[in-house]
Amino acid sequence: MTANDPVTLLRREVEAVATGIAGTLPSEPSLDPPDRPEHGDYATNAAMLVASSGGRQPREVADDLAAQLVERLGDSVERVEVAGPGFVNLFMSDRWFRESIASLFDSGGPKVGPVPDPRSTLVEFVSANPTGPLTAASGRHAAFGDSLARLLRATGHPVTTEYYVNDGGSQVEKFAESVIARMEGREPPEDGYRGAYVEELATRAAAEAVPADRVGEVAIGWMLDSIRESLERFRVGMDAFFSERSLYERGLVEEGLGRLEESGHTYESEGAVWLRTTEFGDDKDRVLVRSNGEPTYFGADVAYHADKIARGHTLLLDVLGADHHGYVARMAAAVESLGGGAAGFEAVILQLIHLVEAGEKTKMSKRAGDIVTLDALIDDVGVDAARFFLLERSHDRTIDLDLELARSKTSDNPVFYVQYAHARIRSIVRKAAEDGIEAAGALPEEPVDPSEKALLAEVLAFPAEVHEAAEKRAPHRICAYSTRLAAAFHAFYRDCKVVGIGDEELERSRLALCEVTGSTIRESLELLGITAPESM
RNA sequence: GCCCCCGUAGCUCAGUUGGAUAGAGCGCCGGCCUUCUAAGCCGGAUGUCGCAGGUUCGAAUCCUGCCGGGGGUACCA
């Protein structure tokens with residue numbers, strides 16, 4: 001966070017005083033707007049932290065802290081109170097609020113500063129088999145991975161996003177068999193692919209006279225093209241599509257497995273090559289190379305992760321489905337064996353998603369062809385609503401996506417609530433421009449309205465929210481934050497007229513608050529990949 | 001059996017590196033448009049935070065055990 005961020009400056013004062021009292025702080029003290037207005041604009045638990053580590057009475061430390069803060073903060077603060085078990089509550093002065101608005105406006109809104117220890121991060125997500133179109137479930141992965149990448153970039157991490165394409169292996173063969181079967185007018189095999197799209201691919205392959213031995217490769221290419229289109233349409237920025245087959249072609253599988261063998265964590269048994277993943281907490285060892293000499297999916301994936309490390313990434317972040325959770329321990333073991341601590345592996349597990357239509361859940365199975373595709377979901381509810389509904393929940397919760405609600409263009413739909421706040425702001429800004437009013441930091445005589453204070457506090461919270469969401473891999477926090485911010489604006493809109501109130505200084509200050517709120521809503525939505533309309 | 005996720009208001013869920021009287025949306029009841037967009041705002045009712053112990057100044061949050069729901073447990077990918 002930047003040095004001129006008013007909340008950061010306040011935090012530094014609190015920490016300086018607390019450190020002066022205690023010597024060192026056991027952990028970073030809180031500095032948050034409390035739930036109840038009578039507890040002030042900001043409250044800190046610093047005194048309780050100091051007391052618990054120093055064996056002093058919390059209230060006594062709090063009194064000391066409060067007195068010194070009054071001294072140091074001067075006319076920024078109205079009064080400081082000690083309350084409850086030892087909270088120190090800060091009531092900021094109107095001057096502080098007005099100057100904060102001015103400072104935010106001058107810097108173009110709250111700035112999310114970089115983390116002190118950026119990590120070159122490779123976010124791998126979706127990576128769905130190119131044997132069928134992306135499903136609504138893939139959509140959750142797409143929205144989540146994309147938004148997480150945006151959050152990590154916003155907090156200063158260099159990020160690359162990748163889709164691992166499983167274009168080798170037995171599923172691809174089954175897929176090719178299925179397409180060929182359709183071309184020849186037969187039913188696909190029992191364990192093959194039976195969706196309508198297989199027939200379309202067969203028709204096209206027949207029309208272009210694709211030879212049977214190339215059908216698999218060609219059909220996979222077509223599927224991949226359509227997957228790229230779907231992702232693009234869903235506003236997902238994928239830097240690269242990494243082909244499994246290319247690993248073999250470039251000799252990377254051999255190289256990666258070779259490095260693993262050098263590490264001394266592999267052994268041969270029953271003709272297969274195993275990785276001793278149990279050394280790193282897995283419940284059994286895993287096969288890297290089958291007894292027939294062919295690497296397993298895991299073996300190739302290890303080579304892929306070895307390549308990620310070779311490319312210089314220090315954090316390998318895999319977004320996986322709940323059905324892959326058993327995979328995490330073995331990949332963590334593999335990266336540990338390879339990297340020697342240089343690169344970290346981290347998996348985020350996304351739980352399942354069900355689409356709910358009129359209270360009824362739809363089941364999704366790719367092989368049976370009984371799927372709702374991502375494209376169909378987008379056609380149905382639109383990109384903005386789809387992304388919001390898929391991002392709204394914590395990654396560890398299953399989602400029941402209510403299609404009826406997502407479709408609705410009414411106030412029930414939370415995404416419109418936030419967008420509407422932005423549109424309202426832009427409308428005010430246009431109106432102000434017509435009247436020749438310019439936003440500016442100003443010190444009007446009028447007292448700061450409680451709605452102005454509440455709104456400013458939410459805007460000021462933005463950088464901390466973004467950092468927390470990035471650290472916790474929690475884009476859903478930005479959904480919640482944007483909703484809170486919008487609500488604070490709507491309340492301000494009711495209480496405080498901006499244009500045409502007579503007091504020019506007040507007009508300028510309020511317009512500045514509108515401007516910084518608008519840009520903060522826009523940036524929040526941008527992190528979610530959702531548009532911020534100028535009007536609705 | 002073992003592993004992972006969940007259990008908070010009628011419904012869908014936030015909040016979980018311990019902090020003040022546990023929150024939001026929807027739904028329900030009642031108000032607010034001659035004024036910058038009513039896709040909005042304000043007020044009201046609603047809780048054994050799954051159960052039982054433990055840790056301490058303080059537990060929805062940490063520990064242990066149990067109950068219920070979902071997912072996984074391949075020389076498949």
Side-chain angles (χ1 to χ4, degrees), chain A residues 27-28 30 34-36 38-39 43 45 48-49 51-52 57-58 83-87 89 127-129 131 166 168-172 174 191 244 269-274 282-284 286-292 294-301 321-329 349-352 354 356 392-400 402 405 408-421 423-432 434-435 451 472 476-477 479-480 483-484 486-487 489-501 507 510-511 514 535-536:
Chain A
S27 60
E28 191 175 316
S30 66
D35 299 330
R36 312 175 69 79
E38 61 266 34
H39 293 150
N45 67 351
M48 289 181 285
L49 288 181
S52 66
Q57 287 299 317
F87 287 100
N89 297 332
S127 297
N129 279 354
T131 53
N166 304 133
S170 59
Q171 290 305 316
V172 172
K174 269 183 199 138
D191 58 350
E244 178 186 1
S269 173
E270 302 162 56
V273 179
W274 300 69
D282 201 0
D283 44 9
K284 59 181 179 184
R286 307 292 173 171
V287 173
L288 291 165
V289 184
R290 298 183 182 92
S291 47
N292 67 6
E294 231 180 277
T296 58
Y297 173 85
F298 176 54
D301 204 12
D323 53 342
H324 280 66
H325 93 262
Y327 198 72
V328 175
I349 303 296
L350 299 192
Q351 293 299 318
L352 304 178
H354 303 284
V356 178
E392 192 183 26
R393 304 284 173 238
S394 170
H395 68 84
D396 52 17
R397 282 198 95 97
T398 58
I399 293 179
D400 290 326
D402 185 335
L405 179 61
S408 73
K409 299 272 196 286
T410 71
S411 58
D412 301 350
N413 195 332
V415 68
F416 288 108
Y417 182 83
V418 180
Q419 291 181 317
Y420 183 60
R424 263 185 161 175
I425 289 169
R426 300 312 300 166
S427 174
I428 291 174
V429 170
R430 282 192 297 272
K431 176 87 175 166
E434 281 169 24
D435 290 13
S451 295
K472 293 187 167 166
H476 78 279
R477 284 178 164 270
C479 290
T483 307
R484 272 205 315 279
F489 174 75
H490 287 310
F492 163 83
Y493 180 88
R494 176 205 60 232
D495 293 336
C496 303
K497 200 163 183 317
V498 178
V499 181
I501 46 178
E507 266 183 330
R510 284 185 176 168
L511 188 58
C514 286
S535 64
M536 290 173 74

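First the proteins, then the strands, lettered A, B, ... as listed; each starts at 1.
Once the 5.5 Å centre distance and the 30° plane angle are applied, the aromatic ring of A:His476 is found not to be stacked with the base of B:rA14. In this structure, A:Phe87 counts as stacked on the base of B:rA20 under the 5.5 Å centre distance and 30° plane angle limits.
If you take CZ of A:Phe492 and P of B:rG40, they are 18 Å apart, rounded to a whole angstrom.
For A:His324, the side-chain contact (heavy atoms from CB on, under 4.5 Å) test picks out A:Leu320, A:Tyr327, with sequence neighbours left out. Looking at residues two or more places apart in sequence or on another chain, you find no salt bridge (Lys or Arg N to Asp or Glu O under 4.0 Å) involving A:Asp396.
Taking 4.0 angstrom as the limit, A:Arg397 places none of its side-chain polar atoms (N or O) nearer than this to OP1 or OP2 of B:rU12. The shortest distance between the side-chain N/O atoms of A:Arg286 and the OP1/OP2 oxygens of B:rA74 is not below 4.0 Å. Under 4.0 angstrom from either OP1 or OP2 of B:rC6 there lies no side-chain N or O belonging to A:Arg393. OP1 or OP2 of B:rA39 has at least one side-chain nitrogen or oxygen of A:Tyr420 nearer than 4.0 Å. Contact between the side-chain N/O atoms of A:Arg36 and the OP1/OP2 oxygens of B:rA22 is not found at any separation under 4.0 Å.
Taking every side-chain heavy atom of A:Asp396 into account, B:rC5 is the closest of B:rC36, B:rC5, B:rC75. In the set B:rU17, B:rC36, B:rG71, B:rC36 carries the atom at the smallest distance from any side-chain atom of A:Ser427.
Between the side chain of A:Asn45 and the base of B:rA20, no donor-acceptor pair of N or O atoms lies under 3.5 Å. Between the base of B:rC41 and the side chain of A:His490 there is no donor-acceptor pair shorter than 3.5 Å.
Pairs of Watson-Crick or G-U wobble type, with distances under 3.5 Å, assemble into runs of 3 or more in RNA chain B at these ranges: B:1-7 with B:67-73, B:10-13 with B:23-26, B:28-32 with B:40-44, B:50-54 with B:62-66.
Under the 3.5 Å distance criterion, the side-chain polar atoms of A:Ser427 are left unmatched by any main-chain donor or acceptor of A:Ala423.
Residue contacts shown for A:Ala43 include a base, since a base heavy atom lies under 4.0 Å away.
A side-chain contact (heavy atoms from CB on, under 4.5 Å) with A:Ser451 is found for one member of A:Tyr493, A:Phe489, A:Phe492 and no other, namely A:Phe492.
Under the 4.0 Å criterion applied to side-chain N and carboxylate O atoms, A:Arg286 and A:Asp283 are assigned as salt-bridge partners.
Position along RNA chain B of the nearest nucleotide to A:Arg477 versus A:Tyr297 favours A:Arg477 as the more 5'-ward residue.
Here, B:rG23 and B:rC5 have their C1' atoms 23 Å apart, quoted to the whole Å.
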